[in-house]
Amino acid sequence: MIVDQLVLQALVAVDVLVVFIALFVVLLLSSFMLRGVKLRSIPTVEASLEAVRACSEKGTPLLFDTGWTGANFWGHESGLTTLCFVPATLELLRNIAAECGRLGVRVITGTTEPVYNLMSQDYAQRGFAQSGHPERYVPTDIIFYPDNTALNMTEVEMAHRLPYGAAVMIGGHNQTSNVVIYEALATEGAMIVAGEIWPNDNSMAALCADYMSFAEENIAIGSYLTEDPVPKAILAGEDIVKGFLIAVVILGGILFGAKVL
Amino acid sequence: MAKQTESTGSRIISELPTLVGIVGLFVIASLYWVQPGWDVALTIRDATTLSLIFPTAIVVLLLLRRHIYNLSRREESWPYDITTIGSCLFMILLYLIGGMEDPTLAALYSNVSVVGTMAVISAIAVGIFSAMMRIYRAKTPTMAFLIALSILALLTYSPLGEMIYPGIPQLGDFVQTYISGAADSAFWISTYIGAVALITRMILLKERLRPA
Amino acid sequence: MASPIEPFMPWLSALVFFGAYSVYYKDNPLYRFVQSLVVGIGAGYLFAAQLMMLQRVILPQLTILPAAALALVMGLAFFCIFIPQLISVYRAASILVLTVGIGIVLPMGVAIIWTVTAAYAKNLFAGLGPIVTGICYVLGLSYFLFTGVTEKPTAPFRSLGRVVLLVYAAMCISMTALGKLAMIQWKVLDALWGYPQTWQVPVGIFILMLIDAFVYPLRNLVPGAKAAEAEPKRKSTRGKSE
Amino acid sequence: MSKERKINWKDTRLIYLMMFIVIFVSSIAPVTLPMPTVQWSKDFYRTIDKGCTVTFASPPRVFEGVKEGTRVAIINSGETAKLWGDMSEAVAVVWKDLMRRGANIFLWSSYPDNAVILDKYLLPMFYGPDPSKSPLYGTKFVDMGYVSGGNYLLIAWADDIKRITPTDRYGNRLENLPMMRNINAMKTDIDLMIGLDARGLETIFVVRYNTPVLDMGSTDSAGYLALSYTAGYFKGMIMGQRGGAEYEYLSGIPGRSMAYMQNAMTISVIVIAVLIVGNVQYVLKRREGT
């Protein structure tokens with residue numbers, strides 16, 4: 001066992017509020033001080049629009065699947081991830097819808113989250129409107145499924161029947177069931193762009209996808225899609241936080257090891 | 001200056017829902033350290049949770065609308081559209097007659113939905129093994145390393161490794177516990193940092209929660 | 001009280017489970033029927049559950065529980081998505097749901113950031129395993145650095161960090177496959193040794209597949225379906241195992 | 001006969017077919033195989049057998065293992081229904097062991113389908129088709145069934161179960177059930193907590209009240225639960241049918257997990273062989289190409 005009797009004494013000793021405020025202050029200062037800092041690229045941002053173009057060439061629809069991304073109240077910290085994916089994935093959907101509108105590609109979405117489904121309609125409609133082709137928006141293509149099983153079975157069936165030219169699978173799936181859809185898409189030769197939330201879903205994407213981005217990279221997509229320098233500066237500020245955590249492990253480890261702490 | 005003030009003012013008004021949402025966020029977050037919770041926070045939390053029944057009902061109706069639309073256009077999927085609409089309405093009818101405890105409603109749910117879920121979740125194995133056999137090739141040294149690790153995991157978590165050499169599952173356990181465990185932490189921790197950054201952007205009104 | 005359809009349920013259960021697998025042969029009417037049934041039953045159950053909540057929790061407590069009244073107001077706001085002039089009302093409701101959801105779990109996420117990191121630091125030299133964990137955690141985190149400034153000096157660490165994340169992926173892929181494999185077997189055991197035995201269902205489906213593949217295409221039994229099958233399909237990897 | 005109907009040895013469907021053949025054969029004729037026991041399974045059994053000490057809050061809490069009358073809460077709040085096919089034997093053998101040792105078992109399910117799955121496949125094995133009619137019901141076992149609220153319910157139950165939920169799933173008042181006379185505030189009145197793929201128990205119970213917590217999941221649940229084990233929150237884990245086989249070995253209680261192990265082994269052999277052959281072929285072809 002790595003860590004006996006240690007950990008959440010820290011939760012008692014170090015107030016969560018203090019940690020949050022410290023993180024917030026660092027990121028807030030970064031938003032002013034790190035403007036203009038260059039960021040590395042995230043593969044799925046460009047690949048998603050490439051997927052639209054691939055569908056345009058093949059004359060097929062595009063699948064935009066976000067699984068169970070959205071509002072949830074299961075009361076465990078991992079739920080934070082699905083919630084935080086909402087703004088980024090919706091912003092990506094709007095951009096994809098705009099590109100689809102321009103190129104005349106049909107985009108079919110899938111989600112198991114009711115509020116997210118309604119928000120998807122709002123964003124997709126706006127995207128098509130921005131392309132100058134609002135008439136290309138098809139409300140019945142923004143599909144809600146009552147559960148993960150219905151989503152998987154239907155998307156597998158549609159992957160074989162339509163079939164899709166490309167799929168942007170960005171979000172969370174249940175118990176790595178994304179691989180079931182990947183298998184159907186791969187069988188039909190579709191291009192797969194994946195950006196999954198959970199580590200185990202990421203593993204399935206690593207196995208099957210043509211392009212993929214890991215976990216937190218997907219929360220940052222919204223910042224990459226805007227010209228505003230502030231969100232990018234905040235992303236740069238995250239590096240300070242991560243650098244601090246790395247320093248805590250290395251220096252803290254040495255100090256604990258030397259019994260200084 | 002006046003113009004800037006005006007635009008800031010109108011911006012704040014247009015972003016009022018986001019601002020209210022952020023206040024709500026911190027009111028709810030306070031429940032973590034205020035024990036027992038205070039009434040306003042509990043009311044907002046409970047009301048939000050309960051309100052979810054409405055969007056859920058709306059999207060189920062939209063789902064039905066999609067199949068009715070297919071039917072009205074006499075698409076080739078009509079027998080399946082009828083199955084979907086019919087089974088959905090039948091379940092609602094069962095509820096209206098016998099409530100959630102209706103035995104037929106429970107029987108259909110457990111033998112169709114729950115078993116269907118098991119089928120989909122178990123089909124993951126087929127998807128993975130098929131993909132492993134078809135596309136898992138040592139195109140790079142990293143890929144070769146990962147294939148070796150996948151084989152190690154197969155040896156560790158089936159009795160095979162122990163049969164060959166007892167050190168194999170020990171090595172597999174070591175990789176799983178100490179390397180995979182650390183990678184898992186890195187995934188989650190970076191995501192939680194991303195969550196705090198997202199909230200910072202929301203507070204600065206730089207993260208849009210409605211379409212631009 | 002048992003349902004009158006209870007005696008048929010083991011058969012339905014086997015049909016749903018193995019019917020779902022029939023798609024691995026090819027897209028077929030049995031699969032589409034099962035899929036439609038799963039969607040319909042799931043949607044009906046979900047709707048019924050919402051009706052129950054409305055009847056048992058919200059409506060009876062409307063005047064005595066502020067949360068119930070507020071929930072009704074918020075719920076009605078969601079219907080404004082269908083009224084273009086009131087779209088902002090709908091958006092306000094959806095934003096509130098999202099932010100309240102984040103508020104519920106945010107402190108837990110923040111707590112984990114600090115406590116896990118502190119745990120790794122405190123035990124760094126407690127043995128070979130913890131040292132490896134500490135190093136891999138640091139490498140894994142460095143993969144998620146975003147700035148271009150850090151790109152060059154941290155490139156080797158980020159590359160190693162990616163390998164660490166992929167080690168997780170490689171282990172997870174095999175473990176998941178073995179775990180889910182057991183789930184198929186669980187249903188097979190249920191079909192073979194459960195009461196009543198339902199192994200005839202998967203065997204029947206398999207025989208139909210053999211007939212379709214080698215004796216007579218069953219699609220020809222459906223009038224007009226033959227022409228549809230002749231329609232050319234896009235590039236498929238069926239028949240390419242590598 | 002058309003050309004298409006010939007067997008194409010590169011058809012991916014042969015992979016699917018091979019898997020089903022292996023599964024059917026190993027289900028019909030299981031054999032016993034040597035099994036390594038992983039550390040978290042050993043810790044799980046040791047906690048049930050000998051106990052453990054939990055030291056997150058002050059003062060430390062000493063748990064002396066499951067004995068007659070030990071109050072055990074089974075928290076069925078994960079994705080048990082979806083994962084049941086990979087958890088069934090492990091849950092069954094642990095449950096059997098708890099009963100053998102005389103534990104008082106308190107069960108709660110956080111989703112309707114989680115309750116349904118135990119009703120259908122587990123409880124009838126130990127308590128008959130209607131558990132409420134079992135002589136053990138109320139004295140050694142109480143089922144709350146599905147109660148909504150998720151982890152927030154657990155937070156409330158930490159202080160008071162009976163105030164929030166005065167009755168069990170069958171409508172019996174909890175104060176009338178003999179087993180519940182000394183169970184009300186979960187933070188003090190539960191000696192051991194076993195989660196079924198449960199998450200969040202660390203922050204609710206372990207850190208604040210030093211509750212000993214064990215967790216059970218599917219083989220790959222370790223992916224998201226291992227963090228809690230390595231950080232010391234969970235005092236042991238049982239993962240998947242393999243975990244069931246390990247527990248059967250450790251406890252000496254016979255079970256049915258071996259069929260799953262045989263299946264895992266056969267498929268592993270085939271996949272490893274295909275991976276090695278496929279990759280050697282790939283490397284050779286690439287060399288030829290260059």
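Here is the naming used below: chain letters follow the sequence lines, and residue numbers restart at 1 for every chain.
Ranked by heavy-atom pairs shorter than 4.5 Å toward chain B, the options C/L178, C/L76, C/V38, C/L106 are led by C/L178. Comparing C/M53, C/Q35, C/K187, C/M52 by heavy-atom pairs within less than 4.5 Å of chain B, the highest count is held by C/M52. Of the listed residues (C/V16, C/V57, C/V34), the one with the most heavy-atom contacts under 4.5 Å to chain B is C/V16.
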Intermediate values then yes/no, side chain to side chain donor-acceptor pair (under 3.5 Å), C/Y168 and B/Q176: CA-CA 8 Å; C/Y168 174 95; B/Q176 172 60 28; over 6 Å; no

Ring pair (Phe, Tyr, Trp, His ring centres under 6.0 Å), that's the test. Do C/F33 and B/Y80 meet it? Break it down for me. CA-CA 6 Å; C/F33 169 72; B/Y80 311 110; 8.0 Å; no

When you look at C/Y45 and B/I92, which way does the side chain to side chain contact (heavy atoms under 4.5 Å, CB included) test go after all the steps? CA-CA 7 Å; C/Y45 189 85; B/I92 296 170; over 6 Å; no

Passes side chain to side chain donor-acceptor pair (under 3.5 Å), C/S36 versus B/T83? Steps please. CA-CA 6 Å; C/S36 308; B/T83 308; 5.1 Å; no

Working note: B/V20 + C/I95, criterion side chain to side chain contact (heavy atoms under 4.5 Å, CB included); need CA distance, chi angles, decisive distance, verdict. CA-CA 9 Å; B/V20 171; C/I95 289 170; over 6 Å; no

Given the rule in the side chain to side chain contact (heavy atoms under 4.5 Å, CB included) test, do B/M91 and C/F47 qualify, once you have shown the distances and angles that lead to the verdict? CA-CA 9 Å; B/M91 290 293 278; C/F47 194 84; over 6 Å; no

Check against side chain to side chain contact (heavy atoms under 4.5 Å, CB included), C/I58 and B/F54: CA-CA 11 Å; C/I58 295 186; B/F54 293 94; 4.1 Å; yes

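For a residue to count as touching a neighbouring chain, one of its non-hydrogen atoms must lie under 4.5 Å from one of that chain's; by this rule B/I199 touches chain C with the side chain only. With a threshold of 4.5 angstrom between heavy atoms, B/L149 approaches chain C through its backbone and through its side chain. Heavy atoms of B/T156 lying under 4.5 Å from chain C are absent altogether. Contact of B/L94 with chain C is not made at all, since no heavy-atom distance falls under 4.5 Å. In this structure, the portion of B/L61 lying under 4.5 Å from any heavy atom of chain C is its side chain and not its backbone. Of the two parts of B/V60, only the side chain, counted from C-beta on, holds a non-hydrogen atom closer than 4.5 Å to a non-hydrogen atom of chain C. Using a 4.5 Å cut-off between heavy atoms, C/A43 touches chain B through backbone and side chain atoms alike. If you measure heavy-atom distances from C/R32 to chain B, the contacts under 4.5 Å come from both the backbone and the side chain. Contacts of C/V110 with chain B are made by side-chain atoms alone, with heavy-atom separations under 4.5 Å and no backbone atom involved. Contact of B/T18 with chain C is made through backbone and side chain together, with heavy-atom distances under 4.5 Å. With a 4.5 angstrom heavy-atom cutoff, C/A49 touches chain B via backbone and side-chain atoms both. Residue contact with chain B, scored on non-hydrogen atoms closer than 4.5 Å, involves the backbone and the side chain of C/L51 alike. If you measure heavy-atom distances from B/I82 to chain C, you find no contacts under 4.5 Å at all. Only the side chain of B/L62 comes within contact range of chain C, with at least one heavy atom under 4.5 Å from a heavy atom of that chain. Contacts of C/L70 with chain B are made by both backbone and side-chain atoms, with heavy-atom separations under 4.5 Å. For chain C, the nearby parts of B/L25 are the backbone and the side chain; heavy atoms of each come within less than 4.5 Å.
B/F187 is not listed as a side-chain neighbour of C/L141, based on a closest heavy-atom distance of 4.5 Å or more. Residues B/F145 and C/V167 meet the side-chain proximity criterion, which asks for heavy atoms closer than 4.5 Å. Side chains of B/S122 and C/Q185 form no contact here, defined as non-hydrogen atoms less than 4.5 Å apart. A 4.5 Å side-chain heavy-atom check between C/L65 and B/T43 finds every atom pair outside the cut-off. The side-chain heavy atoms of B/T84 and C/L37, taken from C-beta on, include no pair separated by under 4.5 Å. Considering only heavy atoms from C-beta on, C/L181 stays 4.5 Å or farther from B/V126 through its side chain. In this structure the side chain of C/V132 reaches within 4.5 angstrom of the side chain of B/F174, judged on heavy atoms. Considering only heavy atoms from C-beta on, C/F82 comes within 4.5 Å of B/I58 through its side chain.
For the 3.5 Å distance criterion, the side chains of B/S130 and C/Y24 fail to qualify, holding no donor opposite an acceptor. A donor atom on one side chain and an acceptor atom on the other are not found under 3.5 Å apart for C/Y143 and B/S190.
Within 6.0 Å of CZ in B/F90 there are 12 or fewer heavy atoms belonging to other residues, nucleotides or ligands. Environment of CH2 in B/W78: sparse, with no more than 12 heavy atoms of neighbouring residues, nucleotides or ligands closer than 6.0 Å.
Taken from CG in C/L166 to OG in B/S180, the straight-line distance is 11.0 Å, to the nearest 0.5 Å. Taking CG of C/L72 as the reference point, atom CG of B/L50 lies at 10.5 Å (rounded to 0.5 Å). In this structure, the separation between CG on C/L96 and OG1 on B/T48 is 5.0 Å, given to the nearest 0.5 Å. Summarising the geometry, atom CG belonging to C/L46 is positioned 10.0 Å from atom CG belonging to B/L63; distances are rounded to the nearest 0.5 Å. Summarising the geometry, atom CD1 belonging to B/I121 is positioned 12.0 Å from atom CD1 belonging to C/I184; distances are rounded to the nearest 0.5 Å. Remark: C/L128 CG to B/Y178 OH distance equals 8.5 Å, nearest 0.5 Å.
When all heavy atoms are compared, the tightest approach of B/A29 to C/P107 is O-CG, 3.7 Å. Smallest separation of non-hydrogen atoms from B/S51 and C/A71: CB-O, 3.6 Å. Considering all non-hydrogen atoms of both residues, C/C136 and B/I179 come closest at SG-CG2, 3.9 Å. A pairwise comparison of heavy atoms in C/F144 and B/A186 identifies CE1-O, 4.0 Å as the closest pair. The two residues B/Y192 and C/G109 have their closest heavy-atom pair at CD1-O, 3.7 Å. Of all heavy-atom pairs spanning C/W186 and B/M118, the tightest one is CZ3-SD, 3.3 Å.
No donor-acceptor pair under 3.5 Å is formed between the side chain of C/S174 and the backbone N or O of B/A153. Without hydrogens or angle criteria, C/Y21 side chain to B/A123 main chain gives a donor-acceptor distance under 3.5 Å.
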